[in-house]
Each structure stands twice: as structure tokens, then as C-alpha cells.
Colleague: 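I am attaching a structure below and will ask some questions about it afterwards.
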Amino acid sequence: MKTMGKLASLALATTLLAACGQSPKDEYIGAMEDAGDAKAGTFDMKFKDIAVSGGDNQTTTMINMVKSQLNDMKISGSYSMPDDSKYAVDVNVNAMGQEIPFNVIGDDKAMYLSTAFLSAVMDITQSLSGSSAAVDTSKLKELDGKYIDLQQFAKDSAETTGSNVTADVENLDMKQLLAYQKDLQKEFIKYLKDDVDDKRFEEKDGKLSFTMNKDDIAKLDDIQAKLAKDNP
């Protein structure tokens with residue numbers, strides 16, 4: 001969940017936006033500022049190349065195999081927040097020959113994740129494990145078309161594993177999360193204004209885009225860590 005959260009934050013922070021004049025950088029930042037109060041929107045993100053380092057030889061071999069298939073990975077989707085309590089987010093991850101759909105809906109009391117992603121994830125797991133890996137498709141059919149209560153799932157997982165990793169989902173306050181997202185966007189916009197070269201923004205075919213690098217992602221991590229102290 002934390003990984004998906006980070007990807008969603010990156011996608012929202014680097015949304016492709018319709019261009020309408022001025023310099024690409026100024027127009028991009030202005031559109032990001034306007035989007036902060038939007039009740040709905042779309043996002044689109046592509047990974048040109050992924051670099052991984054560290055680990056022993058066996059781990060490195062496996063990582064390089066996965067890495068080669070994750071290059072050119074695309075993430076796109078949409079979000080809707082008709083009021084302060086209800087929301088819906090659709091994310092499509094196109095990677096490793098699969099389109100993996102993630103759909104989350106909820107309000108200020110509960111959060112639900114569609115099971116639609118399970119079949120694609122199981123196909124990827126089986127392809128990485130080899131033909132000897134057995135997959136019980138009957139279980140997947142039972143879950144088809146259903147939603148997982150993430151707060152209940154977090155609670156059950158904590159009881160089963162003794163871990164508190166998912167406690168943040170169990171105790172999620174949607175209004176607090178939205179406030180955190182706005183603060184995150186505000187801090188990241190300030191970083192774009194002050195520290196990012198104008199040349200890294202471009203306008204093409206009526207759209208504005210910004211290409212992120214590892215330094216930008218590290219900065220986003222720093223901002224998230226700082227804001228987390230005020231948004232437990």
C-alpha cells in the first residue's frame with residue numbers, strides 16, 4: 001500500500017496538463033496550483049528507465065529480469081471527490097505485459113479496494129515463478145467483482161502477523177489525508193519553482209509535461225517525511 005501510495009503521489013504530482021501559453025514551467029506550475037481545488041481529474045505517467053543496485057548475485061539476476069520488464073511501465077488513471085467525504089480513484093498500471101487495474105472507493109468511514117487487480121497480479125506471479133507454480137483459480141473466481149474492506153483487512157492482518165505496518169490504513173482519516181495531499185502538493189510546487197531548471201518542462205501536442213529524475217523523487221521523499229511528523 002505504501003508503494004502504491006508513493007506511485008499515486010508521483011503520478012498526481014506529474015500529471016499531464018493542457019497547455020495554454022506562457023513558459024512551459026510557469027504554465028505547468030500554475031495548472032498544478034489550480035488542480036489543488038479540483039473535484040476530479042486524470043493523471044498519466046511513464047517510466048522511461050529503472051535502475052537498481054545492491055544485493056547478492058542471485059538477487060541481482062532476479063531484479064534485472066524484473067527491471068527489464070518494468071522499463072516503459074505506464075501508470076494512468078482518474079480521481080473524483082464530489083465532496084469532502086466521498087472519493088473514487090482508478091489507477092491502471094501497464095507493466096510486464098499486463099494491465100493491472102486498481103479501483104478504490106470510499107468515504108470518511110471506510111475504504112474499499114476492488115479485487116479486479118488480482119488476476120493480473122497472479123498471472124505475473126506465475127510467470128516469474130515458472131510453469132511449476134500452481135494457481136488456484138477457483139479462489140479468484142470467488143472474489144471476482146467484489147471489494148476488500150481495507151480497514152478490516154488491516155485489522156485482520158495486524159492480528160494475524162502481529163505487525164502494525166497496516167495500522168495507518170486501519171485508522172485512516174480521509175479529511176486528514178486530503179489535507180496532507182494538499183500540503184504535499186504545495187511543498188512540491190515550491191521545490192519546482194525554486195530548484196528545477198526551466199528546460200525540464202516541455203509543451204508538446206497541447207500538453208505540458210515535467211520529467212522527474214531520482215533527485216526529484218528523493219526530494220519528494222524528504223517532503224513526505226517532514227509532513228508525516230505533522231500528519232501521523
Side-chain angles (χ1 to χ4, degrees), residues 2-53 67-82 84 87-96 98-104 177-228 230-231:
K2 287 187 176 181
T3 300
M4 285 307 300
K6 184 174 291 186
L7 289 174
S9 294
L10 286 170
L12 289 170
T14 57
T15 305
L16 290 180
L17 302 161
C20 51
Q22 296 184 1
S23 73
K25 177 176 178 176
D26 289 343
E27 199 63 39
Y28 186 96
I29 291 173
M32 277 190 74
E33 290 172 330
D34 292 341
D37 296 320
K39 297 294 184 183
T42 61
F43 50 89
D44 187 359
M45 184 177 183
K46 180 171 70 174
F47 293 81
K48 184 177 180 180
D49 186 38
I50 297 173
V52 183
S53 62
K67 167 190 170 312
S68 67
Q69 297 183 62
L70 288 179
N71 283 338
D72 295 323
M73 177 172 65
K74 298 176 183 178
I75 299 175
S76 60
S78 63
Y79 65 92
S80 174
M81 294 176 286
D84 289 340
Y87 56 91
V89 180
D90 285 291
V91 179
N92 288 306
V93 180
N94 195 316
M96 303 181 73
Q98 295 283 344
E99 184 170 318
I100 312 169
F102 292 94
N103 169 239
V104 176
L177 178 62
L178 290 175
Y180 166 82
Q181 186 66 37
K182 285 181 181 292
D183 288 343
L184 175 66
Q185 184 184 47
K186 187 184 301 182
E187 290 292 324
F188 194 70
I189 286 174
K190 184 178 184 301
Y191 165 70
L192 294 181
K193 287 180 177 178
D194 298 342
D195 300 316
V196 177
D197 193 290
D198 294 24
K199 295 178 181 179
R200 294 176 55 201
F201 297 81
E202 97 177 303
E203 186 277 324
K204 185 177 181 181
D205 299 329
K207 287 186 177 181
L208 290 156
S209 64
F210 162 60
T211 302
M212 297 187 76
N213 59 32
K214 63 181 181 180
D215 292 334
D216 302 321
I217 296 174
K219 179 63 178 181
L220 189 59
D221 272 345
D222 291 342
I223 294 172
Q224 288 178 319
K226 176 185 174 183
L227 291 175
D230 299 321
N231 297 271

Colleague: I need the K182 NZ to K186 NZ distance, nearest 0.5 Å.
Modeller: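 Reported to 0.5 Å precision, the distance equals 9.0 Å.
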Colleague: Less than 4.5 Å apart, side chain to side chain, heavy atoms only: is that true for D183 and E187?
Modeller: no
Colleague: For T42 and Y79, work out which heavy atoms get closest and say how close.
Modeller: N-CE2, 4.2 Å
Colleague: Examine distances only and state if a side-chain atom of Q224 and a backbone atom of L227 form a donor-acceptor pair shorter than 3.5 Å.
Modeller: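 Such a contact is absent between Q224 side chain and L227 backbone.
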Colleague: Using 0.5 Å steps for rounding, measure from the CG atom of L192 to the CD atom of E33.
Modeller: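 Here the rounded value is 10.0 Å.
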Colleague: Mind checking the NZ-CE spacing from K219 to M212? Nearest 0.5 Å is all I need.
Modeller: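 Here the interatomic distance stands at 12.0 Å.
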Colleague: Let me confirm one number: the CG-CG distance from N92 to N103, rounded to the nearest 0.5 Å.
Modeller: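 Here the interatomic distance stands at 9.5 Å.
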Colleague: Go through L184 and L220 one step at a time and tell me if the side-chain contact (heavy atoms from CB on, under 4.5 Å) criterion holds.
Modeller: CA-CA 8 Å; L184 175 66; L220 189 59; 3.7 Å; yes
Colleague: Taking the side chain as every heavy atom from C-beta outward, state whether V104 and V91 have any atom pair closer than 4.5 Å.
Modeller: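 SC-SC contact between V104 and V91 ruled out.
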Colleague: Can you tell me how far apart CD1 (I29) and CZ (F188) are? Round to the nearest 0.5 Å.
Modeller: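 That separation rounds to 10.0 Å.
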Colleague: Do the side chains of I189 and Q185 get nearer than 4.5 Å, heavy atoms only?
Modeller: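 The answer is yes, as the side chains (C-beta and beyond) meet within the 4.5 Å cut-off.
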Colleague: Test your reading of the model: is there a side-chain donor-acceptor pair from K25 to the backbone of K199, 3.5 Å cut-off?
Modeller: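 No.
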Colleague: What's the separation between atom NZ in K39 and atom OG in S80, rounded to the nearest 0.5 Å?
Modeller: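 Separation between the atoms: 9.5 Å.
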Colleague: Check whether any side-chain heavy atom of V196 lies under 4.5 Å from a side-chain heavy atom of F201, and answer yes or no.
Modeller: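 Heavy-atom side-chain distance check passes, below 4.5 Å.
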Colleague: Between R200 and D216, does any side-chain N to carboxylate O distance fall below 4.0 Å?
Modeller: yes
